[in-house]
Each structure stands twice: as C-alpha cells, then as structure tokens.
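This report concerns only the one structure given below.
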Amino acid sequence: MRSDRHGFVHPTSSDITPRAAYEGRRRWLQQVAAGALGSTLAAWAARDALAQDKLAALPGTRSTVPGAILMDKPTPRADATSYNNFYEFGTDKSDPARNAHTLKTRPWTVAVEGEVRKPKVFDLDELLKLSPMEERIYRLRCVEGWSMVIPWVGYSMAELIKRVEPTGNAKFVEFVTLADPKTMPYVGSRVLDWPYVEGLRLDEAQHPLTLLAFGMYGEVLPNQNGAPVRLVVPWKYGFKSAKSIVKIRFVEKMPRTAWVKAAAQEYGFYSNVNPHVDHPRWSQATERPIGEGGGIFAKRKPTLMFNGYEAQVGQLYAGLDLAKNY
Ligand SMILES: Nc1nc2c(c(=O)[nH]1)N[C@H]1C(S)=C(S)[C@@H](COP(=O)(O)O)O[C@H]1N2
Ligand SMILES: [Mo]
C-alpha cells in the first residue's frame, strides 16, 4: 500500500499483507463514497474529542534565541491538533487525532548512542529536567504546501548533545521514532519503511533553533503531535521534525531517512524549505496557512527561503548547491 502526498491510499502492489490490503481498500472506498463532506465531518468529530482532552500544563519562558519568536499570529490550537501528518496512525489529516489515543507515552525512554563519549538511556522525566523549558513560536511548513505557526515548548537539541559529548567521528545525527504495531495501526502497512527515521548533519542538530519539543500551547504535546518528545527544525520541511522519538544515534555516514528510502528523487536528505526548488510534482513557491479560513481556497502566501530563517541558518549551507542538495 502506498499513499501519495495528498493522503490518498493507492492499494496497488500484490505483496501486501491481507489486513493492510483490506484496510487500504476499505479506506479508499470510504473516501470515494464520502468525498469531501465525509472528511469534513471526520475533522469535526476529531475536534470534538479533543475539546474533552485534559493535558498537563507545560509552561516555558519566552526564548531569547535569535529568531525563536515569530511575530505571526499562532494557528488556532484546534487546527494544529486536528490536521496532522503522523503516518503511523493513518494517512488522512484527521487520522492522527482520531487514532493516536492508543499511544502510550509513559514509561518512555530515549536511548542516545553511537559516536558519543557518554551514551545514555534517558528516562522522559530526566529529559524534562535536563534544561529549562522555553516557549518558541515557529512556522512549520509541510512539503505538501501548507503551513502553521505553533507555540512550542522545549529546549535546544544542543543542550542534550553537549551532555553526551560527540566524538570526532560524529558527523550526522539519526532520529529513530517509535514503531509499535500494537499501538500504531499503520505500522503494519507499507506506507513507509518503519520505523520513521530522520536525520540531520551534526552542525544542523547543534544549531540553537533546532528544538527538542515536549509541549505546545503551554501544555504537553498531544499524542497526534508527537508526544512525548519530538524534534522541530523550523527551516526544513515538516517531515524532518520526527515525532515520538525513542533513539538518537550519532553516526559518521549520512543516515538513510524514511522519506529518502520511499522516494529519494522527491525527498532529499537536506529538505531545506526553498521556494526556488520545486518538488518534482508541484511548485514550492507558495503555501496555504492553515486556520485562516477559506479551506482549500484560502489565500496562499509566498514561501520564504529557509522558511524565513535565512538570517539564522543560511551560513550553514555556504558553498552548497541547494538545487542538487535538496
Ligand atoms: N514519526 C513521524 N514523525 C513525523 C511524521 C510522521 O508521519 N511520523 N510526519 C512529519 C510531517 S510530514 C509533518 S508535516 C510533521 C507534522 O507535524 P504536526 O502534525 O505536529 O503539525 O510531522 C512530521 N513528523
Ligand atoms: Mo509534511
């Protein structure tokens, strides 16, 4: 089973498991039958369920990292928590909010290993206390062409990196996320090669804007947004921001990420937001802000180089051909 970047499931190959084939076909039939109205109703149902959620408060002091506070109005929380990409829970935007209640976020550990002098398995409570929580308002730009403005809570990934002391051989950082078929219904499918793996160059991971996030909107992360801990890399397309991380590996070679494995010609390792380099199937010049009304007819706005963070991160790529290193 494969889905395209618009979330439609195409049940094509014959080597899929019977269950995945059944679910894929059923979903597809539902989508065809229900059309846009069905999706809208599903989104409303998910919002309704969310309104009853009680999440623990997780405040953060306003970050002083340059570029960390975007002046744009944040996306309404109801949109940021009901329009998601988290393929472990389904490929529809409304699937994660509906399905991710099965995710067990405690106990939770994150193993930090590989080319480091001090490898360590961190318990979530240790990670929560590792460094003071900051609030940061970042734009998240999905490769599909939509964007949100989200007040995250967390601290710089650099805080964790300095505690494990990378060796001279550490050139890249690999982020491995949970792949539990018991709690994640789509991990049995072939939508992606699980676990969802992402990666950064070490200097990108060490950049102060690279955020290890534990919360949003002053509360702990809702499951569908990547609880209990995720990455947020604001100058890269949203898929670099791996959710529900369980392992962080420091390595010498460029990691093969889940999206590179799925379609290397479409999703490169760097995936810096770049309005001048189009995706092979669509333009990246503009984006649709979610939550400003108008649905799919909402007014699009220009996408900015490095998602607006060029002043802070442009120098990381001096001399790199960004059309080749997409
Ligand atoms: N583990 C995991 N992380 C993931 C994804 C995913 O499918 N699985 N989707 C990515 C994509 S494509 C985007 S746009 C963002 C969406 O984050 P949000 O739902 O919190 O806005 O999460 C990213 N992280
Ligand atoms: Mo995305």
Side-chain angles (χ1 to χ4, degrees), residues 3-7 43 46 50 74-100 103 105 110 137-154 174-180 183-187 189-200 211-217 219-248 257-263 266-268 271-273 279 282 284 287-291 303 307:
S3 81
D4 69 22
R5 297 295 297 177
H6 305 285
L50 269 161
T75 301
R77 183 185 182 280
D79 291 297
T81 57
S82 64
Y83 188 92
N84 303 102
N85 275 336
F86 199 166
Y87 280 11
E88 289 85 336
F89 294 103
T91 51
D92 267 14
K93 296 288 173 268
S94 56
D95 281 344
R98 215 171 340 150
N99 298 334
L103 177 67
T105 57
V110 178
I137 303 177
Y138 285 173
R139 185 189 323 282
L140 182 134
R141 169 49 160 94
C142 178
V143 74
E144 294 165 327
W146 49 266
S147 64
M148 299 199 199
V149 175
I150 297 181
W152 301 104
V153 182
E174 182 179 75
F175 299 87
V176 183
T177 74
L178 185 69
D180 175 15
T183 55
M184 299 171 137
Y186 274 61
V187 161
S189 79
R190 298 208 165 202
V191 172
L192 283 173
D193 184 1
W194 314 105
Y196 191 103
V197 169
E198 262 305 336
L200 296 172
L211 184 72
L212 201 57
F214 301 86
M216 60 196 278
Y217 299 88
E219 294 175 351
V220 298
L221 287 170
N223 288 355
Q224 63 269 33
N225 292 91
V229 54
R230 70 175 291 175
L231 200 64
V232 188
V233 193
W235 68 97
K236 293 180 181 277
Y237 290 116
F239 67 87
K240 300 299 283 183
S241 295
K243 294 175 168 181
S244 305
I245 295 167
V246 292
K247 195 182 285 187
I248 300 174
T257 69
W259 283 109
V260 166
K261 284 193 219 168
E266 301 195 3
Y267 311 108
S271 291
N272 291 315
V273 173
H279 182 279
W282 59 82
Q284 293 291 23
E287 65 201 55
R288 179 170 60 93
I290 299 294
T303 286
N307 203 19

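First listed ligand is number 1; within each ligand, the first listed atom is number 1. Everything numeric here is computed off the predicted structure, so don't read it as measured data.
Near C142, meaning under 4.0 Å from any of its heavy atoms, are these atoms of ligand 1: 14 (S). Residue-ligand proximity, E88 to ligand 1, at heavy-atom distances under 4.0 Å covers atoms 1 (N), 2 (C), 6 (C), 7 (O), 8 (N). Every atom of ligand 1 is numbered from 1 in the order shown, and the set under 4.0 Å from a heavy atom of R230 is 15 (C), 17 (O), 18 (P), 20 (O), 22 (O).
Ligand 1 has no atom lying under 4.0 Å from any heavy atom of E144. Residue-ligand proximity: S241 is placed with a non-hydrogen atom under 4.0 Å from ligand 1.
Looking at W194 and M184, their side chains never come closer than 4.5 Å, going by heavy atoms from C-beta outward.
Between atom 16 (C) of ligand 1 and the options I245, N85, L178, the minimum heavy-atom separation is to N85. Comparing Y196, F86, W259 against atom 10 (C) of ligand 1, the shortest heavy-atom distance belongs to Y196. The option from M148, R141, K243 that lies nearest to atom 17 (O) of ligand 1, judged by heavy atoms, is K243.
Annotation: Y83 places no N or O atom under 3.5 Å from an N or O atom of ligand 1; distance criterion only. By the 3.5 Å distance cut-off applied to N or O atoms, W152 is not counted among the residues near ligand 1. Here's the thing with W146: none of its N/O atoms is less than 3.5 angstrom from an N/O atom of ligand 1.
Test N223, V229, L221 against T105 for side chain to side chain contact (heavy atoms under 4.5 Å, CB included) and you get one pass: N223.
Within the model, atoms OG1 of T257 and CD of E198 stand 4.5 Å from one another, a figure rounded to the nearest 0.5 Å.
A perpendicular orientation is assigned to the rings of F89 and F86, their planes being inclined by more than 60° (bins at 30° and 60°). Ring geometry for Y196 against W259 counts as perpendicular: the plane angle is over 60°, on a 0 to 90° scale with 30° as the lower cut.
Using modelled atom types and a 3.5 Å distance limit, the side chains of K93 and N84 yield no donor-acceptor pair.
In this structure, R230 contributes its side chain and N225 its backbone to a donor-acceptor pair below 3.5 Å.
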Q) Between L140 and W146, does a side chain to side chain contact (heavy atoms under 4.5 Å, CB included) hold up when you go through it step by step? A) CA-CA 9 Å; L140 182 134; W146 49 266; 3.9 Å; yes
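Counting heavy atoms closer than 4.0 Å to ligand 1, residue T177 contributes side-chain atoms (C-beta onward) but none from N, CA, C or O.
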